[in-house]
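Contents: one structure, followed by commentary.
Worth saying up front: this structure is predicted, and the values here are computed from it rather than measured.
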Amino acid sequence: MRTRYAPSPTGPQHIGGIRSALFAWLYARRHGGQFILRIEDTDRKRSIPGSVEMILGAFDWLGIDIDEGPREGGAYGPYVQSERLELYQTWAKWLVENGFAYKCYATAQELAEMRKAGGGYDRRYRDASNAEINKLEARGAPYVVRFKMPLTGSTIGADMIRGEVEFANEQLQDAVLLKSDGYPTYHLAHIVDDHFMKISHITRAVEWLPSFPLHIRIWNALGWAKPQFAHLPVLLNPNGKGKLSKRKEQFAGADGKSVPVLAQEFIDAGYLPAAVLNFLSNIGWNFGDDKEIFTTAQAIKRFDLRDVNPANSAYPIAKLDWLNSQYIQRADAAQLCRLLKPILEEAGYAVDETRLARAAPLLQVRLKSTRDVVPMAGFFFADWALFEAPPADILVQRKMDGEGTAGILRGSIPVLQGLDSFEHDTQYAAMQDYAKAIGYKNGQVFGTLRAAVSGQKVSPPTFETMEILGKEESLRRIKLALQSLAPA
RNA sequence: GGCCCCUUCGUCUAGCGGCCUAGGAUGCCACCCUUUCAAGGUGGAGACACGGGUUCGAGUCCCGUAGGGGCUACCA
């Protein structure tokens with residue numbers, strides 16, 4: 001089994017393409033075959049330098065390994081279409097010589113007029129006389145090569161996902177195979193390449209279904225054995241309206257949260273590659289057994305293109321947050337630290353690894369994305385000497401006033417001061433007694449301390465936080481808060 | 001407009017004629033736990049687009065309608 005992903009180098013890697021590639025890759029791996037990357041750069045106008053690196057970067061990040069491709073090489077290269085032009089030209093010529101295709105000299109202006117009149121290309125050169133052709137040829141008139149589509153009858157295509165699909169031949173135009181600049185169109189190039197690269201299963205998005213009969217006719221004209229075809233459903237916008245692939249970058253969803261679409265945006269948003277892979281494979285396909293969380297290795301054992309749901313799906317991005325948080329919770333603590341460190345550093349913090357290791361267990365159940373570490377726990381890594389007491393609206397808890405808050409802070413100092421161990425359980429026991437003694441609820445006391453030491457309304461648990469800050473620093477912060485509340 | 005594809009809770013999905021008084025997940029709501037936020041636990045609301053057939057029996061098969069998506073380039 002040999003499958004491929006054949007993107008055009010038109011910019012950053014889009015999530016929709018990754019999903020299509022993932023299905024092809026899963027299928028190849030399931031059957032112990034090869035997964036090939038081929039770059040389809042036959043549209044010179046749309047090619048963007050650096051695209052291949054971005055595509056490769058996305059696959060590397062996700063761990064989708066490529067067996068053959070422009071970087072990996074392979075026995076069937078080159079894997080970039082612009083380096084295979086002669087091949088396409090040879091076969092275009094062969095099709096013309098054998099009566100399956102013809103040269104068309106219609107100018108852009110003529111074509112525009114035909115389109116305006118409706119109906120598209122009128123096949124005016126399909127049966128042009130030799131004399132006419134020779135005249136144009138002698139003049140060196142530019143031409144394209146068009147495929148002679150049967151005028152009557154129908155073509156039936158077998159699709160692995162939806163069964164047989166029948167098309168009336170008269171509906172199809174005489175498609176251009178070779179452009180006037182000598183470059184092939186997708187229609188010719190992909191067939192020549194899939195044949196010579198021995199691709200066994202062509203997977204591509206459903207938008208290719210309408211040209212499926214054309215491709216079948218070309219394969220037949222060339223006399224080559226056809227591979228199997230699977231037209232994959234596409235991702236729609238989260239609201240179900242329109243293709244997601246039209247979005248060129250992340251955008252705001254209905255809930256106001258940003259919806260990532262580019263591989264780099266998933267990285268930047270703090271999603272884990274394993275979570276993204278799990279997320280993607282659950283759209284249009286499912287693991288079975290009502291199991292939502294599974295490894296790629298497990299998915300490979302079960303994946304089958306035949307099981308892919310033919311319907312397009314709205315992009316269920318909210319589910320990724322949940323999946324990602326599940327992966328973070330299950331992650332190895334040391335590994336989580338490795339992920340968190342660069343994010344904190346990028347946010348401007350100097351990360352002490354020991355401290356990070358102590359904080360990590362507190363963060364593991366609280367992060368939806370690794371990015372969340374910054375607002376949740378950045379304060380652990382800031383320069384403590386620069387810490388300032390938070391404003392009163394953060395310090396003073398609900399149903400409390402400044403006076404009561406100050407009282408709690410003032411009273412906490414000797415209690416904490418007198419502790420032999422500053423381990424969180426010890427603090428908890430002592431502060432619980434203290435709260436009871438002064439007639440406040442645990443939440444009021446603990447919350448006040450939380451705000452004082454972390455400077456935040458939301459933070460990891462108060463006593464665990466103070467344990468990491470240490471007795472001295474914690475007390476210093478409590479005193480600071482006291483001062484800001486009741487300036488001397 | 002023409003052609004093609006698709007249609008189960010808001011969303012992702014299970015279901016391949018009787019196991020369905022339609023299952024899971026997410027999201028939402030409630031309660032429990034609880035020092036905030038989470039996590040976790042329990043429970044709840046929530047779907048077979050519609051109309052015809054076929055069949056003893058249809059979410060499952062067929063036709064039509066509607067809705068959605070796509071294609072209709074010397075782009076892929």
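Between the side chain of A/Ser459 and the base of B/C37, no donor-acceptor pair under 3.5 Å is found. Side-chain atoms of A/Arg115 and base atoms of B/U72 include no donor and acceptor less than 3.5 Å apart. Looking at A/Arg366, its side chain comes within 3.5 Å of the base of B/C37 through a donor and an acceptor atom. Side-chain to base pairing of A/Glu292 with B/G24: one donor and one acceptor N or O lie within less than 3.5 Å of each other.
Checked against A/Met149 for a side-chain contact (heavy atoms from CB on, under 4.5 Å), the options A/Glu170, A/Gln173, A/Arg123 give a single hit: A/Arg123.
In this structure, A/Pro7 reaches neither bases nor backbone, as no heavy-atom distance under 4.0 Å exists between it and the strands shown. In this structure, A/Trp208 reaches the bases: a heavy-atom distance under 4.0 Å links it to at least one base atom across the strands shown. Base contact: A/Leu111 has a heavy atom under 4.0 Å from a base atom. Here A/Lys241 lies in heavy-atom contact (under 4.0 Å) with sugar-phosphate atoms only.
Both tests hold for A/Arg477 against A/Phe387: distance to the six-membered ring centre under 6.0 Å, angle to the ring axis within 45°.
Phosphate contact (OP1/OP2 of B/U26, side-chain N/O of A/Lys368, threshold under 4.0 Å): absent. Contact annotation: A/Lys243 side-chain N/O to B/C71 OP1/OP2 distance is under 4.0 Å. In this model, the phosphate group of B/C6 is not approached by any side-chain N or O of A/Arg162 to a distance below 4.0 Å at OP1 or OP2. Contact annotation: A/Thr42 does not reach the phosphate of B/C75 (side-chain N/O to OP1 or OP2, under 4.0 Å). A sub-4.0 Å separation between OP1 or OP2 of B/G40 and a side-chain N or O of A/Gln326 is present. Distances shorter than 4.0 Å separate none of the side-chain N or O atoms of A/Asn282 from OP1 or OP2 on B/C12. Distances shorter than 4.0 Å separate some side-chain N or O of A/Tyr428 from OP1 or OP2 on B/U35. At B/U11, none of the side-chain N or O atoms of A/Ser313 fall inside 4.0 Å of OP1 or OP2 (strictly under the cut-off).
Using cut-offs of 30° and 60° for the angle between ring planes, the A/Phe463 and A/Phe446 rings count as perpendicular.
B/G43 and B/C6 have their P atoms separated by 38 Å, with the value rounded to a whole Å.
A/Asp43 and A/Tyr186 form no side-chain donor-acceptor contact under 3.5 Å, judged by distance and modelled atom types alone. Side-chain contact, A/Arg450 with A/Ser459: a donor N or O sits under 3.5 Å from an acceptor N or O.
Listed nucleotides: B/U7, B/C74, B/U35. Nearest to the side chain of A/Pro310: B/U7. The side chain of A/Val458 approaches B/C37 more closely than any other nucleotide in the set B/C37, B/A39, B/U7. Closest to the side chain of A/Trp322, out of B/U26, B/U13, B/C12, is B/U26.
Both A/Ala318 and A/Asn442 lie near RNA chain B, and the one whose nearest nucleotide falls closer to the 5' end is A/Ala318. Toward the 5′ end of RNA chain B lies the nearest nucleotide of A/Lys291, the other residue of the pair A/Lys291 and A/Ala106 mapping further downstream.
Regarding A/Asn286, its CG atom lies at a distance of 18 Å from the P atom of B/U11, rounded to whole Å. For the pair A/Tyr143 OH and B/C74 P, the interatomic distance rounds to 17 Å; values are reported in whole Å.
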Listing, residues 371-380 of chain A side-chain donor-acceptor contacts under 3.5 Å, not counting sequence neighbours, or none:
{"residue": "A/Arg371", "atom": "NE", "partner": "A/Asp268", "partner atom": "O", "Å": "2.6"}
{"residue": "A/Asp372", "atom": "OD2", "partner": "A/Lys368", "partner atom": "N", "Å": "3.0"}
{"residue": "A/Asp372", "atom": "OD2", "partner": "A/Ser369", "partner atom": "N", "Å": "3.1"}

